[in-house]
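Note sheet for the following structure.
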Amino acid sequence: MDTSATASPAVPATTAPLPLIISVDDHTVEPSTVWQDRLPKKYLDVGPRTVRAPLKEMTFLGGRFKPVMGEPGDDGPVGDWWVYEDLRRPLTRLDTAVGFSRDEIRLEVITYEQMRPGSYDVPSRLADMDVNHVQSAVCFPTFPRFCGQTFTEAADRELGLLCVRAYNDWTVEEWCGPAARGRLIPLTLVPLWDAELAAAEVRRNAARGVRAVAFSEIPPHLGLPSVHTDYWDPFLAACDETGTVVAMHIGSSSRMPSTSEDAPPAVGSTITFANCCFSMVDWLMSGKFERFPNLKVMYAEGQIGWIPYILERADVVWEENRGWGGVADKVHRPPSELFADHVYGCFFDDAFGLRNLDSVGVGNVLYETDYPHSDSTWPKSREVAEAQMGHLAPDVVERIVRGNAIELLGLTEDGLWSPR
């Protein structure tokens, strides 16, 4: 990746070596046996499993991904597909694009053999992290989607809950298990259709050392209540009590931002931060941060350059319009103060944001590499960081690339995850 176009203006560069990176947003492609190994026998034929089948058609327009699986013997490229109830979801090159040139990355189906092994294999992942100057990483799921909405959308709630728990057991015990040597940091899911069950799952995983849970940036897009209701209070109370960070990835509302039904993917790719922007204002105006004073939220892959203006505007609205704006009785501090205490922006390539870091807050920024997605800076994340952070003091760089993550995620001083 050529970083010259995004590097900061010419300023004296720090001579200190870049500390090892802790990436708060990478991804795992789940091995095909995750649910088949863990579900009761009666669910094996309807639970998540993979089949190899041809692609009939696939589009990605207006922020909507629509694949159609063909029948055995049909013409068309062959790929590995996840099958679950009525869902047919293929593995695609966009799921695991590292190791391929930008011109080779297309919207196409692939098999496990056609992806980089680090996408799903722990030793291979650690080796790819070594190449990229990454010590530790938080990984979002692929088949469950970014907050487990695959299971929320399913018909069988009992099976869905078992699938959520099976994924969490796999990610804690295997993906982040002994072979990972503390370098893979667990991020678990919850059953979003029941806030009490979600709270119980947060506590179950917190008891074994998990400090991050995936959540939707805009729950109403999933047909769920908004954060302005009290529906989520049991879940948020569990996160508040256990120090579990609410991690929201772009696209975790099953709707990527776009402008029209026929807008090409490039439009949505340019404005991926938009849902994070809307979500952050929701949270700042919800009163939840005052009700749950220990609650922390983070926006994975949202970038940070847009944050200063939104905080400025939110403060003006709170100051001037709170009387009629519906927040006077629940938001008692300027939104920018709430942001400083509760919200973290995550980025992998944002020279503009780094030039305006003081307006965001050094303590509210986390670094990521987005491995193995098409936007990933792998294997040049170190070079990108050095080019864009060269104007910053060494202690500031250390906080951004690892220090803030260590504090937020309760890692050891060495930047590793330790199970309980």
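This structure is a prediction, so every number in the text was calculated from the model and none was measured. As a basis for the values below, the full set of heavy atoms in this structure was taken, side chains included, without hydrogen atoms, waters or symmetry mates.
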What distance do [X] atom [atom1] and [Y] atom [atom2] have between them, rounded to the nearest 0.5 Å?
X	Y	atom1	atom2	result
Glu217	Cys276	CD	SG	5.5 Å
Ile400	Cys346	CD1	SG	12.0 Å
Tyr309	Ile307	OH	CD1	15.0 Å
Ile22	Met129	CD1	CE	9.5 Å
Leu126	Leu184	CG	CG	5.5 Å
Asp86	Glu153	CG	CD	12.0 Å

Flag side-chain contact, heavy atom, 4.5 Å: [X] against [Y]:
X	Y	result
Leu222	Cys147	yes
Tyr367	Val384	yes
Val343	Lys296	no
Trp35	Tyr43	no
Ile250	Tyr299	no
Trp318	Ser336	no
Pro48	Cys163	yes
Arg181	Leu416	no

Using 30° and 60° as the class limits, which term best fits the ring planes of [X] and [Y]: parallel, tilted or perpendicular?
X	Y	result
Phe215	Trp283	perpendicular
Trp306	Phe273	parallel
Trp232	Phe235	perpendicular

- prompt: Given the side-chain rings of Tyr167 and Phe151, with only the six-membered ring counted for Trp, is the space between their centroids under 6.0 Å?
  reply: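 That pair fails the under 6.0 Å test.
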- prompt: Would you say the ring centroid of His342 lies under 6.0 angstrom from that of Phe292?
  reply: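 No, ring centres 6.0 Å or more apart.
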What do you reckon, is [atom1] of [X] surrounded by more than 12 foreign heavy atoms closer than 6.0 Å?
X	atom1	answer
Glu407	CD	no
Asp45	CG	no
Glu113	CD	yes

query: Val83 and Arg88: side-chain contact (heavy atoms from CB on, under 4.5 Å), yes or no, with the steps?
result: CA-CA 5 Å; Val83 177; Arg88 306 291 184 268; 3.2 Å; yes
NZ/NE/NH1/NH2 to OD/OE distance under 4.0 Å, [X] and [Y]:
X	Y	result
Asp194	Arg157	no
Arg38	Glu173	no
Arg204	Asp169	yes
Asp130	Arg183	yes
Asp341	Arg333	yes

Is the backbone N or O of [Y] less than 3.5 Å from a side-chain atom of [X], with the two atoms forming a donor-acceptor pair by type?
X	Y	answer
Asp95	Leu91	no
Asp80	Tyr112	yes
Ser216	Ser252	yes
Glu290	His332	yes
Arg211	Gly243	yes
Ser226	Pro220	no
Asp230	Asp233	no
Asn168	Leu189	yes
Glu301	Asp370	no
His133	Leu18	yes

If every non-hydrogen atom of [X] is compared with every non-hydrogen atom of [Y], which pair is closest and at what distance?
X	Y	result
Ala405	Val24	CB-CG1, 4.0 Å
Trp417	Arg208	CZ2-O, 3.6 Å
His373	Ala97	C-CB, 4.1 Å
Val331	Gly287	CG2-N, 3.9 Å
His228	Lys330	ND1-NZ, 4.0 Å
Pro144	Glu30	CD-OE2, 3.4 Å

query: For Val172 and Val210, what are the C-alpha separation, side-chain angles and deciding distance, and is it a side-chain contact (heavy atoms from CB on, under 4.5 Å)?
result: CA-CA 8 Å; Val172 173; Val210 177; 3.7 Å; yes
field: Geometric cation-pi criterion Arg93 and Phe100, 6.0 Å radius, 45° cone
entry: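 Here Arg93 passes the 6.0 Å and 45° test against Phe100.
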Pair Val164-Thr188, side-chain contact (heavy atoms from CB on, under 4.5 Å): steps then yes or no: CA-CA 8 Å; Val164 167; Thr188 51; over 6 Å; no
message: Pair Met389, Val401 - check side-chain contact (heavy atoms from CB on, under 4.5 Å), show working.
response: CA-CA 10 Å; Met389 300 183 200; Val401 302; 3.8 Å; yes
- prompt: With Ser359, which residues qualify under side chain to side chain contact (heavy atoms under 4.5 Å, CB included), at least two apart?
  reply: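 Side chain to side chain contact (heavy atoms under 4.5 Å, CB included) check on Ser359 returns Pro308.
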Passing candidate, ring pair (Phe, Tyr, Trp, His ring centres under 6.0 Å) with His27, options Trp175, Tyr371, Phe146, Phe143: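 Only one option passes, and that is Phe146.
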- request: Apply the test side-chain hydrogen bond (donor to acceptor under 3.5 Å, both in side chains) to residues Arg116 and Thr96: give CA-CA distance (whole Å), side-chain angles for both, the deciding distance (0.1 Å), then the verdict.
  value: CA-CA 7 Å; Arg116 194 171 183 89; Thr96 173; over 6 Å; no
